[in-house]
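Computed from a prediction, not measured in an experiment: that's the story for all the values here. Residue numbers run from 1 in the order of the sequence given.
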Amino acid sequence: MAAAPVRTLRFVLGDQLSRRMSSLRDLDPDRDVVLMAEVHEECGYAPHHKKKIAFVLSAMRHFAEDLRAEGLNVDYRTLETSDEARGFRSALAAAVERHRPQRIVVTEPGEWRVREDMLGWQNETGVPVEIRDDDRFLASRADFANWAKGRKSLRMEYFYRDMRRRTGLLMDDVGEPVGGRWNFDTDNRKALPADARPPEPARFEPDGITREVVDLVRDRFADHFGDLDPFWFAVTRSQADAAFEHFVREALPKFGDYQDAMRRGEKTLYHAVTSLYLNVGLLDPLAVCRRVEAEYRAGRVPLNAAEGFIRQVIGWREFTRGIYWLRMPEYAETNFFAARRRLPDFYWSGETDLECLRQCVTQTREQAYAHHIQRLMVTGNFALIAGLDPKEVSAWYLGVYADAYEWVELPNTHGMALFADGGVLASKPYAASGKYIRRMSDYCCGCRYDVDKATGPDACPFNFLYWNFLAEHRVKLAGNPRMALIYRTLDRMPTERVASMKSQAERFLDRVCRSGPVTV
Ligand SMILES: Cc1cc2nc3c(=O)[nH]c(=O)nc-3n(C[C@H](O)[C@H](O)[C@H](O)COP(=O)(O)OP(=O)(O)OC[C@H]3O[C@@H](n4cnc5c(N)ncnc54)[C@H](O)[C@@H]3O)c2cc1C
């Protein structure tokens, strides 16, 4: 007897590794085929870190195994075995040839570029394509657009409060935030005490599938950025759950207090190292927040830690995605300060005398991870006050972190770190001098520059770049009420001092920035 014709081809992308994906609902195990494909274009469209490629491919292969174990029919195309898998289109066209489905079902992708492509799949294949919402997010794209409609400015804080009300997370019986405040961020800026011993994140020994993928990446992506070994990420849902439980037990109680702290040689401090798992679907955002809330309600975790974590996930994570879909494709072109300088080589090599940058880039190269303040206030802050081109900076962030996908990376880079969007996402630029870095870290102790100096051969470049940035963009920034105080300080400085910082900034940037036109 001939096999029943394939009814639905369900195409699951590499960051959609959850059994709860909308594309996998109403699945008929006897007549549907799940298609998964490792495609060359996705591995190569950004200079992805080797650990990131290995993570995604291994997690995909493990997910396919889980689906097969459930008895589902999975058509999995690996990079080694498939010639057709240049991009999603060719992988899909070849699968349509093989299976002749009546329809194709997909969940919307995380990137505008892929969505544009997806809109052409029906024409290309001649088979009806149903694109479903990605309901792993609490706010759909339409929800966010409704929330944003008619507002003069979009601020994460108000969006976040709505998300708290909607989920009931950390709310009391009468609909008020527990603890009487929505936001405990001001409690979360403590410097790390010298005797603090932060835990290591959970690490996992690579199994056979991961070892195969690691060999493949070593072989095919040798010229990509970053160290492949040691590879320690979770690659299955149960490992990601275990990694998160480890965080909850070992680090969450202090997550709030030391959220903004940095220390030499410490890569993760009390952070969750969970974004890479959330972003591919190995962890569920609402479930991790409920777990954190339960720890607070059981009295094991202080409110500033629980609230701080939950705000990052249902607040910032959802908000950045909302801004992305609301503002693309123009958002990627934003360049409020007309910044044109090219990325210095040390963003790739880590070879610089600036100890803070050396620490952050080196750990990024080794681990494909840096925590938020390292990304925002060290590499991001430098890029902002040095006037680096937003496209080059964004390409860097998209490549070097294991959790990087454009929907979250781009608003964080153009909006939060660079203020390239002119204030769509943040109310003022996160520009800071070396003083901030000294307050929040011990990086300045090991540095050849003197953080107390703003001019002269030993002056900390963050100092003269900072004041030069403010002076240079006075017209665009001085009217911002949140910048008034700092402009008053600048105005009190002798003109010669400002001029001297300007010329030192120019000489420094001419020396460290690459020459030639921007290439992205
Ligand atoms: C320039 C720049 C680029 C960034 N690029 C990315 C990226 O490509 N992918 C990414 O997931 N995050 C990005 N972030 C946000 C943030 O830095 C990371 O989510 C965080 O460092 C991940 O580490 P963690 O899991 O230990 O986070 P934790 O500090 O433990 O926070 C818990 C969770 O909250 C969420 N979160 C925290 N801050 C943010 C934020 N600003 N935006 C969105 N979600 C947030 C993450 O899912 C994270 O896992 C970027 C930030 C900056 C400043």
Taking all atoms of both residues into account, what is the closest heavy-atom pair of [X] and [Y], and its distance?
X: Glu307; Y: Asp185; value: OE1-N, 4.4 Å
X: Phe255; Y: Tyr270; value: CD1-O, 3.3 Å
X: Ala91; Y: Val39; value: CB-CG1, 4.1 Å
X: Ala240; Y: Ala234; value: N-CB, 3.6 Å
X: Glu409; Y: Ser394; value: OE2-OG, 2.8 Å
X: Ala196; Y: Pro198; value: O-CD, 3.4 Å

Backbone N/O of [Y] and side chain of [X]: donor-acceptor pair under 3.5 Å:
X: Arg340; Y: Leu388; value: no
X: His62; Y: Ser58; value: yes
X: Gln359; Y: Gly265; value: yes
X: Ser90; Y: Gly87; value: yes
X: His224; Y: His48; value: yes
X: Asn468; Y: Phe464; value: no
X: Asn279; Y: Asp403; value: yes
X: Asn335; Y: Ala339; value: yes
X: Glu366; Y: Asp227; value: no
X: Tyr397; Y: Arg375; value: yes

As a quick check of understanding, evaluate salt bridge (charged side-chain N to carboxylate O under 4.0 Å, His left out) for Arg514 and Asp345, giving each step before the final call. CA-CA 7 Å; Arg514 286 181 188 196; Asp345 283 332; 2.7 Å; yes
Run the salt-bridge test on [X] and [Y] with the 4.0 Å N-O cut-off and return the result as yes or no.
X: Asp510; Y: Arg507; answer: no
X: Arg291; Y: Glu245; answer: yes
X: Glu212; Y: Arg61; answer: yes
X: Arg89; Y: Asp117; answer: yes
X: Arg141; Y: Glu108; answer: yes
X: Glu472; Y: Lys502; answer: no
X: Asp284; Y: Arg136; answer: no

Give a yes or no on this: more than 12 heavy atoms of other residues, nucleotides or ligands lie within 6.0 Å of atom CZ of Arg164.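 Result for CZ/Arg164: enclosed.
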Does atom CD of Glu351 have more than 12 heavy-atom neighbours, drawn from other residues, nucleotides or ligands, at distances under 6.0 Å? no
Using the ring of [Y] (Phe, Tyr or Trp, six-membered ring only), decide whether [X] places NZ or CZ under 6.0 Å from its centre and within 45 degrees of its axis.
X: Arg113; Y: Tyr45; answer: yes
X: Lys52; Y: Phe231; answer: no
X: Lys476; Y: Phe336; answer: yes
X: Arg321; Y: Phe144; answer: no

One pair to check against side chain to side chain donor-acceptor pair (under 3.5 Å): Tyr369 and Thr364. What are the steps and the verdict? CA-CA 5 Å; Tyr369 177 86; Thr364 296; over 6 Å; no
Going by atom types alone, do [X] and [Y] pair a side-chain donor with an acceptor below 3.5 Å?
X: Tyr324; Y: Glu406; result: yes
X: Ser427; Y: Arg482; result: yes
X: Asn188; Y: Asp257; result: no
X: Trp467; Y: Asn463; result: no

Among Asp260, Val378, Asn381, find the one that has a side-chain contact (heavy atoms from CB on, under 4.5 Å) with Tyr436. Asp260
Which distance, rounded to the nearest 0.5 Å, do you find between the [atom1] of [X] and the [atom2] of [Y]?
X: Ile373; Y: Arg189; atom1: CD1; atom2: CZ; value: 9.0 Å
X: Thr107; Y: Arg132; atom1: OG1; atom2: CZ; value: 7.5 Å
X: Arg439; Y: Lys435; atom1: CZ; atom2: NZ; value: 9.0 Å
X: Ser18; Y: Asp134; atom1: OG; atom2: CG; value: 9.0 Å
X: Thr268; Y: Gln367; atom1: OG1; atom2: CD; value: 8.5 Å
X: His372; Y: His271; atom1: NE2; atom2: NE2; value: 9.0 Å

Are Trp396 and Tyr347 close enough, and set up right, to give a ring-ring contact (aromatic ring centres under 6.0 Å, His included), and what steps lead you there? CA-CA 8 Å; Trp396 184 80; Tyr347 271 76; 5.1 Å; yes
Ring-plane angle category for [X] and [Y], please: parallel below 30°, perpendicular beyond 60°, tilted otherwise.
X: Phe337; Y: His473; value: tilted
X: Phe159; Y: Trp147; value: perpendicular
X: Tyr331; Y: His414; value: tilted
X: Phe244; Y: Phe309; value: tilted

Step by step, would you call Val273 with Phe247 a side-chain contact (heavy atoms from CB on, under 4.5 Å)? CA-CA 8 Å; Val273 194; Phe247 159 70; over 6 Å; no
Student check: side-chain heavy atoms of [X] and [Y] closer than 4.5 Å:
X: Met328; Y: Trp407; answer: no
X: Thr167; Y: Leu138; answer: yes
X: Tyr449; Y: Pro461; answer: yes

Aromatic contact, Trp348 with Phe225 (centres under 6.0 Å):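 Here the rings of Phe225 and Trp348 have centres that are less than 6.0 Å from each other.
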Can you check whether Phe204 and Phe233 have ring centres sitting under 6.0 Å from each other? no
Under the side-chain hydrogen bond (donor to acceptor under 3.5 Å, both in side chains) test against Tyr443, which residue among Gln374, Arg358, Glu355 passes?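 Considering Gln374, Arg358, Glu355, a side-chain hydrogen bond (donor to acceptor under 3.5 Å, both in side chains) with Tyr443 is found only for Gln374.
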Check the pair Glu333, Lys391 against salt bridge (charged side-chain N to carboxylate O under 4.0 Å, His left out), reporting the backbone distance first and the verdict last. CA-CA 8 Å; Glu333 305 302 319; Lys391 282 203 174 201; 3.1 Å; yes
Check against ring-ring contact (aromatic ring centres under 6.0 Å, His included), Phe382 and Phe462: CA-CA 7 Å; Phe382 183 89; Phe462 276 88; 5.8 Å; yes
